[in-house]
S.K.: 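For reference, the structure I am asking about is given below.
Just so you know, these numbers use all the heavy atoms, side chains as well, and skip hydrogens, waters and symmetry mates.
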Amino acid sequence: METPPARCGDLIPKAYDEPVAAAPVPITPDYSAWLGKPFTDSMGVALVAPWASAYVAADGRQEIVQERLATMLAIVRNCEAMLNAARPR
């Protein structure tokens, strides 16, 4: 009796075939109106806020990628263990 090849990869969700979209890079506004003026707190917020939001978005995307990797590894490892346990000795 011949044991068919394992197809553990087929258990990975098809949605994982699609890449996780990158977080968009923020568009930097025109700050030329600020030239020559004293720096204020609101200017600081306007400078930092778009980049802080992009960082949070990128971190969220990284979590999605890490979760997908952990899921795929668990699927393949469990599948291989089950198939190896079922193989005739």
S.K.: Does atom CD1 (I27) have a neighbourhood of more than 12 heavy atoms from anything else shown, all under 6.0 Å?
M.R.: no
S.K.: Give every donor-acceptor pair under 3.5 Å between a side-chain atom in residues 62-73 and any protein atom, sequence neighbours left out.
M.R.:
residue	atom	partner	partner atom	Å
R68	NH1	E18	O	2.7
T71	OG1	E67	O	2.9

S.K.: Return the set of residues passing side-chain hydrogen bond (donor to acceptor under 3.5 Å, both in side chains) with D10 (not counting sequence neighbours), or none when no residue passes.
M.R.: R7
S.K.: What side-chain donor-acceptor pairs closer than 3.5 Å can you find for residues 40-49, not counting sequence neighbours?
M.R.:
residue	atom	partner	partner atom	Å
T40	OG1	S42	OG	3.1
T40	OG1	M43	N	3.3

S.K.: Please check if the number of heavy atoms outside R61 that lie under 6.0 Å from its CZ is greater than 12.
M.R.: yes
S.K.: Suppose we screen for side-chain hydrogen bond (donor to acceptor under 3.5 Å, both in side chains). Which residues come up paired with N84, at least two apart in sequence or across chains?
M.R.: R87
S.K.: Quick one: salt bridge (Lys or Arg N to Asp or Glu O under 4.0 Å) partners of D30, sequence neighbours excluded?
M.R.: none
S.K.: Minimum heavy-atom separation for P24 and A54, please, with both atom names.
M.R.: O-CB, 3.9 Å
S.K.: If you measure from SG on C8 to CD1 on I75, what distance do you get to the nearest 0.5 Å?
M.R.: 10.0 Å
S.K.: Suppose the criterion is ring pair (Phe, Tyr, Trp, His ring centres under 6.0 Å): which pairs have a residue in residues 17-60, not counting sequence neighbours?
M.R.: Y31-W34
S.K.: For I12 and V76, what are the C-alpha separation, side-chain angles and deciding distance, and is it a side chain to side chain contact (heavy atoms under 4.5 Å, CB included)?
M.R.: CA-CA 8 Å; I12 296 171; V76 171; 4.1 Å; yes
